[in-house]
Amino acid sequence: MNDKKNYGFTTTILHSDRRKGIEHGSLHKPMHTSVAFGYSDARQLASVFQGKEPGFRYGRQGNPTVSALEEKVNQMEQGVGTLCFATGMGAIGAVFQSLLRAGSHVVSSAYLFGNTNSLWQTAAGQGIDVAFVDATDVAHVAAAITPQTRIVFVETIANPRTQVADLKRIGELCKERGLLYIVDNTMTSPYLFRPKLVGAGLVINALTKSIGGHGNALGGSLTDTGAYDWTRYPHIADNYKKAAPAQWGLAQIRAKGLRDFGASLGPEAAHHIAVGAETLALRTVRTNSNALALARLLEADERVAAVHYPGLASHPQHAISSELFRSFGFLLSFELKEGIDCFDFLNRLTVAIPASNLGDNRTLIIPVAHTIFYEMGAERRASMGIAESLIRVSVGIEDEDDLLDDFATALEGC
Ligand SMILES: *Cc1c(COP(=O)(O)O)cnc(C)c1O
């Protein structure tokens with residue numbers, strides 16, 4: 001590899017491990033399962049603990065296999081540093097754990113992954129005030145900011161209703177106000193969109209989803225893009241201010257969010273995700289073209305009341321999605337006309353599988369109000385724009401004809 005050359009997305013990921021030196025000629029980063037890391041000189045151990053030289057100490061804080069994955073995600077997001085976690089929620093929980101304290105205020109999109117929504121409810125019980133806003137318009141975000149606001153949190157394409165946040169203008173607003181802007185990039189992945197480009201300081205990816213892609217490992221990541229000036233953040237402890245300010249945020253998150261909180265990614269999962277990441281771009285091209293074809297089929301069917309997919313001209317944020325994203329993602333949702341039993345419809349599908357999870361190679365389908373959004377109740381569902389008949393589809397890489405045929409046949413039975 002020529003270090004001066006700017007390689008494309010896939011070339012960069014495929015050859016990432018080689019750039020750090022190959023162990024025994026192994027072209028994949030080997031899976032290091034040791035929990036502890038020993039040194040022949042005890043002084044060196046002390047020096048690693050004190051952060052005076054790089055090195056591994058204990059698996060909860062870092063592992064060579066996990067580091068290799070962190071490096072890949074960091075290259076995908078073009079960040080200054082990335083930390084991996086056991087799950088996507090582990091990464092979001094680490095933000096909560098390490099950056100907020102009683103009295104902090106958060107402005108969050110109301111259109112959120114269900115468990116993130118639940119986490120913010122937990123935060124509210126601990127004296128952290130969260131304002132939920134319709135983030136498709138920056139004006140709502142601006143109106144919710146208070147002097148205590150510490151972070152602004154949005155998703156790119158919201159799961160399951162596919163609302164697209166006003167990403168660019170929220171970035172401009174945060175920059176103007178010196179606020180930390182956090183974007184959950186899971187539904188787009190760094191292949192479709194880099195939140196750094198709109199000024200996000202921290203980027204979250206649930207690696208479980210399209211980056212891993214095979215539904216065989218859980219993982220999450222948090223990337224510092226370098227866009228945020230940490231000297232403006234009031235809650236960085238002196239301990240984490242020893243290096244240059246660009247390092248402060250991740251230093252505190254590594255200690256408070258990873259070491260103390262403990263949602264650490266294991267080396268086996270890191271290996272699965274790293275292998276999956278090699279084909280992210282290839283799989284995304286296929287899932288996204290399948291999703292667009294399926295959205296068009298559903299939109300043209302008289303038994304379907306509504307289809308939500310940013311790739312359709314009828315989607316309210318189609319224009320900004322076209323401008324910001326390489327294509328429109330693997331996630332779509334739709335509503336069947338009143339009187340059609342969604343369970344009967346789902347049971348007629350033979351290719352799409354009724355299951356939770358997103359970004360799998362297989363097409364997965366789930367009735368939202370009855371499952372993943374059941375706990376929050378009808379009122380909050382309505383406030384998030386979630387119809388009781390909403391069905392979410394995570395579109396996979398099946399052959400397009402098979403997928404369209406499966407849905408067409410199941411609709412005919414309605
Ligand atoms: C799945 C998901 C998460 C959480 O990821 P896990 O690995 O399941 O914990 C967070 N944000 C979004 C947008 C997701 O889809």
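All values reported here derive from a predicted model rather than from experimental measurement. Counting convention: from 1, in listed order, for ligands and their atoms alike.
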* Under 3.5 Å: donor-acceptor pair, side chain of Ser394, backbone of Gly359 -> yes

* To do: Return yes if some donor-acceptor pair links the side-chain N/O of Gln252 with the main-chain N/O of Ala237 below 3.5 Å, else return no.
  =>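 The answer is yes, because a donor-acceptor pair under 3.5 Å joins these two groups.
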
* Which word best sums up how the rings of Tyr191 and Phe9 line up, parallel for under 30°, tilted for 30 to 60°, or perpendicular for over 60°? -> perpendicular

At less than 4.0 angstrom from any non-hydrogen atom of [X], what atoms of ligand 1 do you find?
| X | result |
| --- | --- |
| Leu358 | 15 (O) |
| Gly88 | 4 (C), 5 (O), 6 (P), 7 (O), 9 (O) |
| Thr87 | 7 (O), 9 (O) |
| Met187 | 15 (O) |
| Thr208 | 6 (P), 7 (O) |
| Gly219 | 7 (O) |
| Lys209 | 1 (C), 2 (C), 3 (C), 5 (O), 14 (C), 15 (O) |

* **Within-shell test, Gly359 vs ligand 1, heavy atom, strictly < 4.0 Å** =>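 It does not; every heavy atom stays at 4.0 Å or beyond.
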
* Once you round to the nearest 0.5 Å, how far does CG of Leu294 lie from CZ of Phe330? ->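 With rounding to 0.5 Å, CG (Leu294) is 14.0 Å from CZ (Phe330).
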
* Is the count of non-hydrogen atoms from other residues, nucleotides or ligands lying under 6.0 Å from Asn6 atom CG greater than 12? -> no

* Asked: Will you find, in the side chains of Glu299 and Ser314, an N or O donor that is under 3.5 Å from an N or O acceptor?
  -> yes

* Assess the side chains of Arg283 and Thr287: does a donor N or O sit below 3.5 Å from an acceptor N or O? => no

* Under 6.0 Å between the ring centres of His370 and Phe343? ->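 Distance test on ring centres: under 6.0 Å, yes.
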
* So, for Ala144 and His105, which heavy atoms are closest and what is the spacing to 0.1 Å? ->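 Where Ala144 meets His105 most closely, the heavy atoms are O-CE1, 3.2 Å.
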
* Backbone or side-chain N or O of Met89 under 3.5 Å from ligand 1 N or O ->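 So ligand 1 has an N or O lying under 3.5 Å from an N or O of Met89.
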
* To do: Give yes if a backbone or side-chain nitrogen or oxygen of Ala206 is under 3.5 Å from a nitrogen or oxygen of ligand 1, and no if not.
  =>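 No.
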
* To do: Please work out whether any backbone atom (N, CA, C, O) or any side-chain heavy atom from C-beta onward of Leu207 is under 4.0 Å from ligand 1, and answer side chain, backbone, both or neither.
  => neither

* Distance to 0.1 Å, residue and atom name: give those for the protein heavy atom nearest to atom 4 (C) of ligand 1. => Phe113 CE2, 3.4 Å

* To do: Nearest heavy atom to atom 11 (N) of ligand 1 wins, so pick from Asp184, Thr186, Ile204.
  => Asp184

